[in-house]
Student: 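Handing you a structure now.
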Number of protein chains: 2
Amino acid sequence: MTQTPYTYAPPHPAIATDIVVLALEGSTLGVLLIERGEEPHKGAWALPGGFLRPDETVEACGMRELQEETGIRAEVDLVGVFSDPTRDPRERVVSIAYVACVDHRTTRLRAASDAAAAQWWPATDLPPIAFDHASILAAALAKAADLARHRPLAARLLPESFTLAELQEAQEALTGRRVDKRNFRREVLEAGWVRSTGEMRRGQHRPAEVWRVG
Amino acid sequence: MTQTPYTYAPPHPAIATDIVVLALEGSTLGVLLIERGEEPHKGAWALPGGFLRPDETVEACGMRELQEETGIRAEVDLVGVFSDPTRDPRERVVSIAYVACVDHRTTRLRAASDAAAAQWWPATDLPPIAFDHASILAAALAKAADLARHRPLAARLLPESFTLAELQEAQEALTGRRVDKRNFRREVLEAGWVRSTGEMRRGQHRPAEVWRVG
DNA sequence: AATGTAAGTGTAAACATGACACAAACACCG
DNA sequence: CGGTGTTTGTGTCATGTTTACACTTACATT
């Protein structure tokens, strides 16, 4: 961008973001996908996403798309840049992929106008995927699993307050690794990821302490 | 890119890559910068980079730019996406930043046509930087330090074969952390990052075993 | 009151990390 | 040719971190 003579300007590709929205489906991970109502890949399922607008950063575009699709304002984490020249048969589109973890109970899914449906799919049992979105998805799952080891990403899959058992279940879903209950609690508390609310969650059995991100 | 009606197409920004090329300057890190010969930021120093071409991926663009500037073919690692709408006053440019580690002894620097000079600068003592390239540089240095903890990135700063002392010096320059000689050797060998060549490097003092990435 | 189920807690072994000092090999010099 | 200077190369112990593991508590239900 700096040393190239400014007079040389190849045709500009479109820039879009694709968002891998993760949520808990019971005790496993779910991914938000959108059924395509038009060719190409009509009937296949694609990641939500959209084109970059003139006045926003790419990351803001990702957050806006997330908001438009789910009604949720949340952070997004960069997954990668997908730019194979043939990845979209219509025109060249360079896609920046982000991953977001949300609480699916607070989502309000809105199918966009060219989409037939928006729906959660289990991350381990996916329908036919459009474009190169299967690669994007795989990269996003790996990225999320990696981030979750160093940051309390799992808490974003839950409501504001939660029990440690719920947080552990979310963590296990994200990382794909089962962990010991006592070790998990020690790690979470020592890392200062959560603080107690002082409240107790009453259920069928012994009440559980309620926490929030700290 | 998928649910947005295809009829909506905002003006496409330009897409460019900027490359943070790192090399060893003695025992500290050096960064390749290019002095701008034109406005804006004439006289300031900028990262090498250039526009995406129609037939290449963004990563390939980064590798091509690296090759054009240094004559070296090497891997590049994604640093981030820099897309503030005002980051380039001429027109909107979304930049994908990569970092590359090279052996500066094998580079053949070529200043591009609109650049006054291409030169190595110590990463800790930089000249005035053009555009938002100071942020890009900072992010790249952090990324490289992080990657170097998990992968033999330091070896890319060296020729094909090297002594463990050289590798350690490169590692310390990359991560900014001094490490113990014996611990470093243990870590490198147990991780299988290097294998012996069987040769010895003769110098002023006791000869050193020569290794290569393995 | 008895039963079932999830919450909550401590400790010991294995492993990884960080700190530490000295002998060996060569070049150089007198 | 022996002494000096400088870099290579090596092992162990203390500390911190990670993993593995079992029982009691509290409540709801019957």
Side-chain angles (χ1 to χ4, degrees), chain A residues 24 26-28 145-155 157-159 161-212 214, chain B residues 24 26-28 145-152 154-155 158-159 161-212 214:
Chain A
L24 278 181
S27 66
T28 62
D146 188 55
L147 288 175
R149 271 178 214 114
H150 313 291
R151 285 199 288 148
L153 206 61
L157 296 169
L158 302 173
S161 63
F162 45 82
T163 68
L164 288 190
E166 290 166 346
L167 184 62
Q168 178 174 349
E169 197 170 34
Q171 177 85 0
E172 289 175 345
L174 261 184
T175 62
R177 286 186 48 166
R178 218 136 241 292
V179 296
D180 176 81
K181 190 192 343 182
R182 283 169 287 191
N183 295 341
F184 177 74
R185 296 166 101 87
R186 177 182 55 195
E187 177 192 342
V188 164
L189 296 179
E190 285 181 1
W193 286 1
V194 297
R195 65 170 201 278
S196 173
T197 62
E199 294 161 22
M200 300 295 271
R201 162 100 29 107
R202 304 176 54 82
Q204 305 296 89
H205 306 289
R206 176 173 175 173
E209 195 168 1
V210 177
W211 305 76
R212 60 181 59 216
Chain B
L24 277 182
S27 66
T28 63
D146 188 56
L147 287 175
R149 270 178 216 112
H150 313 291
R151 285 198 288 148
L158 302 173
S161 62
F162 45 81
T163 69
L164 288 190
E166 290 165 346
L167 185 61
Q168 178 174 349
E169 197 170 34
Q171 177 85 358
E172 289 175 343
L174 261 185
T175 62
R177 287 186 49 165
R178 213 137 245 291
V179 296
D180 176 82
K181 192 198 333 188
R182 281 169 288 191
N183 294 342
F184 177 74
R185 294 164 103 87
R186 176 181 56 194
E187 178 192 340
V188 164
L189 295 179
E190 285 181 0
W193 286 0
V194 297
R195 65 170 200 279
S196 174
T197 63
E199 293 162 24
M200 300 296 269
R201 161 104 26 109
R202 305 179 52 82
Q204 304 297 91
H205 305 290
R206 175 173 174 173
E209 196 166 1
V210 177
W211 305 76
R212 59 181 61 217

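Below, chain A is the first sequence line, B the second, and so on; all start at residue 1.
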Student: Using 0.5 Å steps for rounding, measure from the CG atom of A:L164 to the CG atom of A:L189.
Tutor: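 If I round to the nearest 0.5 Å, the distance is 6.0 Å.
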Student: Report the end-to-end axis angle of the helix from C:dA1-D:dT30 to C:dG30-D:dC1; each axis comes from five terminal pairs, and the value is rounded to 10°.
Tutor: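 End-to-end axis angle for the helix from C:dA1-D:dT30 to C:dG30-D:dC1: 0°, rounded to 10°.
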Student: Between the protein and nucleotides 14-17 of chain C, list every N/O to N/O distance that falls short of 3.5 Å.
Tutor:
none

Student: Write down the atom of A:A170, the atom of A:A154, and the distance for their closest heavy-atom approach.
Tutor: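 Reported closest heavy-atom pair: CB-O, 3.7 Å.
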Student: For DNA chain D, what residues of residues 166-185 of chain B have any heavy atom nearer than 4.0 Å?
Tutor: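 Within this stretch, B:K181, B:R182, B:R185 sit under 4.0 Å of the strand.
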Student: Checking A:E169 now: which residues fulfil salt bridge (Lys or Arg N to Asp or Glu O under 4.0 Å) with it, not counting sequence neighbours?
Tutor: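 Listed in chain order: nothing, the list is empty.
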Student: Using the test side chain to side chain contact (heavy atoms under 4.5 Å, CB included), find all partners of B:A173 that sit at least two apart in sequence or belong to another chain.
Tutor: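 Scan of B:A173 (side chain to side chain contact (heavy atoms under 4.5 Å, CB included), adjacent residues dropped) gives B:L24, B:L29.
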Student: Among residues 192-206 of chain B, which ones have heavy-atom contacts with DNA chain D below 4.0 Å?
Tutor: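 Going residue by residue through residues 192-206 of chain B, the ones with a heavy atom under 4.0 Å of DNA chain D turn out to be B:H205, B:R206.
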Student: Sequence neighbours left out, what passes salt bridge (Lys or Arg N to Asp or Glu O under 4.0 Å) with B:R149? Give chain and number order.
Tutor: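 Residues passing salt bridge (Lys or Arg N to Asp or Glu O under 4.0 Å) with B:R149: B:D146.
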Student: What's the CZ-P distance between A:F162 and C:dA7, to the nearest Å?
Tutor: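 The answer, rounded to whole Å, is 14 Å.
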Student: Hey, could you give me the CE/OG1 distance between A:M200 and A:T163, rounded to the nearest 0.5 Å?
Tutor: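 Between atom CE of A:M200 and atom OG1 of A:T163 there are 10.5 Å.
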Student: Among residues two or more places apart or on two chains, list those pairs meeting side-chain hydrogen bond (donor to acceptor under 3.5 Å, both in side chains) that have a residue in residues 170-182 of chain B.
Tutor: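 The answer is B:Q168-B:E172.
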Student: Do you know which two heavy atoms are closest between A:R201 and A:S161, and how far apart they sit?
Tutor: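 In terms of heavy atoms, the two residues are closest at NH2-O, 3.8 Å.
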Student: Residues in salt bridge (Lys or Arg N to Asp or Glu O under 4.0 Å) with B:R186, at least two apart?
Tutor: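 Salt bridge (Lys or Arg N to Asp or Glu O under 4.0 Å) check on B:R186 returns nothing, list empty.
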Student: Output the rounded distance in Å from CD (A:E209) to P (D:dA26).
Tutor: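 Roughly 14 Å, once rounded to whole Å.
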Student: Taking salt bridge (Lys or Arg N to Asp or Glu O under 4.0 Å) as the test, write out the residues that go with B:R206, two or more places apart.
Tutor: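 Checked B:R206 against salt bridge (Lys or Arg N to Asp or Glu O under 4.0 Å); zero matches.
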Student: CZ of B:R185 to CG of B:L167: how many Å apart, nearest 0.5 Å?
Tutor: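 One gets 10.0 Å once the value is rounded to the nearest 0.5 Å.
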Student: Which residues satisfy the side chain to side chain contact (heavy atoms under 4.5 Å, CB included) test with B:P159, sequence neighbours excluded?
Tutor: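 With sequence neighbours excluded, B:P159 shows a side chain to side chain contact (heavy atoms under 4.5 Å, CB included) to B:D103, B:R105, given in chain and number order.
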Student: Find the distance A:E190:CD to D:dT18:C1' and express it as a whole number of Å.
Tutor: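 Going from CD in A:E190 over to C1' in D:dT18 covers 11 Å.
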Student: Would you mind listing every side-chain hydrogen bond (donor to acceptor under 3.5 Å, both in side chains) that reaches into residues 187-200 of chain B, with sequence neighbours excluded?
Tutor: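 Those involving residues 187-200 of chain B are B:S196-B:E209.
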